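FYI, side chains are in, hydrogens and waters are out, and symmetry mates aren't considered; it's all heavy atoms of this structure. These figures come from a predicted structure and were not determined experimentally.
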Amino acid sequence: MASHAPFTDSDTADEAVRATCDDASTCKRFATSKGYWSDPYIQYFVRQTGERKAPEINRGYYARVQGVNHLLDAFLQKTQCDCQVVNLGAGLDTSFWRLKAENTLPKKYFEVDFPMIVARKIHHIKAKSPLSKPLIETHSSDSLLLDGHSLDSDRYCIIGADLRDISSLEEKLRKFQINTELPTLFVSECVLVYMTPEQSYRLVHWAADTFHTAMFINYEQVNMADRFGQIMIENLQRRQCNLAGVDVCQSLDSQKERFLSTGWESVNALDMMTVYSLLPQDDMSRIERLEFLDEKELLQQLLQHYSICWAVKDALSLGISQIGF
């Protein structure tokens, strides 16, 4: 397999990665507008564009959102919300607002992303009351800690940080009262793949080393050594977007090995075609009626090249290792 350019600190490389945040948010906005799932908050972060997305893209995002939410909700249930969530590379994710509306918020919900993305998100929150009101409702004092690159309240915190710089990340999380003794869920979606294997191994090792009862959900590419995977890599490279961590995305085993070799006790991984087949059948029937899918094989190929991997450390014996599909 051809060697891949390492992730550099150059503005071009980072800008290309930041652009993937807009891609994902636009795709989610379009899929929700077609009725795949409900997200009343995404409209405040992303304008609806005229550009249509193919049905297989919409179904792929449906599987991604439902799959990650299934594991997230199961963790909250097992811990009875006496936990914290850390969304790494959160982008314009709206999970905090969903959990607040469902009355299933953890003790505190943290988000980390590039300072530039964080600044944009904070701007939207400040400007739009459907976003700011739920946040204020969960805060006990009159004032929120708010500056250009961070926002901190009792139950929600956004931090501008580079995930490749562990000491700075840890310092910022501690500054905003992360509790290493509390069961902690880490979520990353198409984030680790933009870091070198060494950088992502350091990050997941730090998480396992620092938090004794924890779970890490990682959604990203898999089976990237075949022709379809190569085309995916080439398409991203044309946009100056190098998958610096693609070597970990060769198989479900290589995805699991990253966690098993860095201190996690147990790890599971499924490709998204499998996850898609395990989602509730009544809702699957509903979404499959939304749009006619001409290319079933293309959907299958697409879903076979993404995976969800979840790793667990359960020092408190809460039964989080039983979480799955």
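Cation-pi contact between Lys121 and Phe45: present, with separation from the ring centre below 6.0 Å and deviation from the ring axis of at most 45°.
Of all the heavy atoms in Ser25 and Val46, the pair that sits closest is CB-CG2, 3.4 Å. Closest approach of Lys108 and Cys157 over heavy atoms only: CE-CB, 3.8 Å. Shortest non-hydrogen contact noted between Ala63 and Leu303 is CB-CD2, 4.3 Å. Residue Asp113 comes nearest to Gly89 through the heavy atom pair OD2-C, 3.2 Å, listed as atom of the first residue, atom of the second, then distance. For the pair Pro106 and Cys83, the tightest heavy-atom approach, listed with the atom from each and the gap, is CB-O, 3.3 Å. Closest non-hydrogen pair, Glu189 versus Arg64, comes out as OE1-NE, 2.7 Å.
At a threshold of 4.5 Å between non-hydrogen side-chain atoms, the residues Ile320 and Pro183 do not count as touching. Between Thr26 and Lys53 the shortest side-chain heavy-atom distance falls below 4.5 Å. At a threshold of 4.5 Å between non-hydrogen side-chain atoms, the residues Gln221 and His305 do not count as touching. Counting only heavy atoms from C-beta outward, the side chains of Val267 and Trp310 never approach each other to under 4.5 Å. Taking 4.5 Å as the limit, some side-chain heavy atom of Arg258 sits within range of a side-chain heavy atom of Tyr201. Inter-residue side-chain proximity for Leu76 and Leu99 is flagged as met; some heavy-atom pair is nearer than 4.5 Å. In this structure the side chain of Asp162 never reaches within 4.5 angstrom of the side chain of Leu169, judged on heavy atoms. Within the 4.5 Å cutoff, side-chain heavy atoms of Arg120 are placed close to those of Asp22.
Atom-to-atom distance recorded for Lys34:NZ and Ile287:CD1 is 13.0 Å, nearest 0.5 angstrom. Atom-to-atom distance recorded for Leu299:CG and Glu288:CD is 8.0 Å, nearest 0.5 angstrom. Here the CD1 atom belonging to Ile57 is positioned 11.0 Å from the CD atom belonging to Glu291, to the nearest 0.5 angstrom. Here the CD atom belonging to Gln66 is positioned 10.5 Å from the CD1 atom belonging to Ile308, to the nearest 0.5 angstrom. With values rounded to the nearest 0.5 angstrom, Met195 atom CE is found 13.5 Å from Leu243 atom CG. Here the straight-line distance linking atom CD of Glu171 with atom CG of Asp165 works out to 9.0 Å at 0.5 Å rounding.
Val193 and Val248 sit in two unconnected hydrophobic clusters of ILVMFWY residues. Membership requires side-chain heavy atoms under 4.5 Å apart, directly or through other members. Residue Tyr36 is not grouped with residue Phe30 when hydrophobic side chains (ILVMFWY) are merged at heavy-atom distances under 4.5 angstrom, including chains of intermediate members. Grouping the Ile, Leu, Val, Met, Phe, Trp and Tyr side chains by contacts below 4.5 angstrom, directly or via other members, places Leu72 with Tyr156. No path of Ile, Leu, Val, Met, Phe, Trp and Tyr side chains, each step under 4.5 Å between heavy atoms, connects Leu252 with Met272, placing them in separate hydrophobic clusters. By the criterion of side-chain heavy atoms lying less than 4.5 angstrom apart, applied directly or through intervening Ile, Leu, Val, Met, Phe, Trp or Tyr residues, Leu290 is grouped together with Val65 in one hydrophobic cluster.
For Asp314 and His212, the side-chain atoms include no donor-acceptor pair closer than 3.5 Å. Asn223 and Gln250 form no side-chain donor-acceptor contact under 3.5 Å, judged by distance and modelled atom types alone. Between the side chains of Asn218 and Ser188, a donor-acceptor pair is found at a separation under 3.5 Å. The closest side-chain donor-acceptor pair between Ser140 and Asp154 falls under 3.5 angstrom. Judged purely by distance below 3.5 Å, without hydrogens or angles, the side chains of Gln255 and Asp253 never pair a donor atom with an acceptor atom. Asp283 and Tyr62 share a donor-acceptor pair across their side chains, judged by distance under 3.5 Å alone. Between the side chains of Asp271 and Thr274, a donor-acceptor pair is found at a separation under 3.5 Å. Under 3.5 Å, the side chains of Gln300 and Glu56 contain no donor-acceptor pair of N or O atoms.
Between Asp93 and Arg98 there is no salt bridge, since none of the side-chain N atoms of the basic residue sits less than 4.0 Å from a carboxylate O of the acidic one. Note on Glu234 versus Arg227: salt bridge recorded, some NZ/NE/NH1/NH2 to OD/OE distance being below 4.0 Å. Ion pairing between Arg239 and Asp23 holds under the 4.0 Å rule for side-chain N and carboxylate O. Using a 4.0 Å cut-off between a side-chain N of Lys or Arg and a carboxylate O of Asp or Glu, Lys107 and Asp82 qualify as a salt bridge. Using a 4.0 Å cut-off between charged nitrogen and carboxylate oxygen, Asp209 and Arg202 do not count as a salt-bridge pair.
Proximity of the aromatic rings of Trp97 and Tyr109 is defined here by a centroid distance below 6.0 angstrom, and this criterion is not met. Here Tyr306 and Tyr219 bring their ring centres to under 6.0 angstrom of each other. Note: Phe96 and Tyr41 fail the aromatic proximity criterion, with ring centroids not under 6.0 Å apart. In summary, the aromatic rings of Phe110 and Phe176 are positioned with their centroids too far apart to meet the 6.0 Å limit.
For Ser150 (side chain) and Asp147 (main-chain N/O), no donor-acceptor pair under 3.5 Å exists by modelled atom type. Using modelled atom types, no side-chain atom of Gln43 and backbone atom of Arg29 make a donor-acceptor pair closer than 3.5 Å. The backbone N or O of Cys309 sits nowhere less than 3.5 Å from a side-chain atom of Lys256 that would complete a donor-acceptor pair. Thr138 places no side-chain N or O within donor-acceptor distance of the main-chain N or O of Arg155, the cut-off being under 3.5 Å.
Heavy atoms from other residues, nucleotides or ligands lying under 6.0 Å from CD of Glu102 number more than 12. Other residues, nucleotides and ligands contribute only 12 or fewer heavy atoms inside 6.0 Å of the CG atom of Asn103. Around the CD atom of Glu51, the shell of radius 6.0 Å holds no more than 12 heavy atoms that belong to other residues, nucleotides or ligands.
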Next item on the list: Might you work through the side chain to side chain contact (heavy atoms under 4.5 Å, CB included) test for Leu203 and Leu88, ending with a clear yes or no?
Entry: CA-CA 10 Å; Leu203 179 63; Leu88 302 168; 4.1 Å; yes

Note to self: Could you walk me through whether Ile178 and Val86 satisfy the side chain to side chain contact (heavy atoms under 4.5 Å, CB included) test, starting with their C-alpha distance in whole Å, then the side-chain angles of each, then the deciding distance to 0.1 Å, before giving a yes or no?
What the structure shows: CA-CA 9 Å; Ile178 197 152; Val86 183; 3.7 Å; yes

Next item on the list: Determine, step by step, whether Glu170 and Ser167 satisfy the side chain to side chain donor-acceptor pair (under 3.5 Å) criterion, reporting the C-alpha distance in whole Å, the side-chain angles of both residues, the deciding distance to 0.1 Å, and the verdict.
Entry: CA-CA 5 Å; Glu170 180 165 21; Ser167 59; over 6 Å; no

Next item on the list: Start with the C-alpha distance between Thr184 and Val85, add both sets of side-chain angles, then the distance that settles side chain to side chain contact (heavy atoms under 4.5 Å, CB included), and finish with yes or no.
Entry: CA-CA 6 Å; Thr184 302; Val85 174; over 6 Å; no

Checklist line | Candidate pair Val191 and Leu163, rule side chain to side chain contact (heavy atoms under 4.5 Å, CB included), full reasoning | finding: CA-CA 9 Å; Val191 171; Leu163 298 174; 3.6 Å; yes

For residues 128-135, please give each side-chain donor-acceptor pair under 3.5 Å, one per line with the distance, not counting sequence neighbours.
residue: Lys128; atom: NZ; partner: Tyr44; partner atom: O; Å: 2.6
residue: Lys128; atom: NZ; partner: His124; partner atom: ND1; Å: 2.9
residue: Ser132; atom: OG; partner: Lys128; partner atom: O; Å: 3.4
residue: Lys133; atom: NZ; partner: Glu137; partner atom: OE2; Å: 3.0

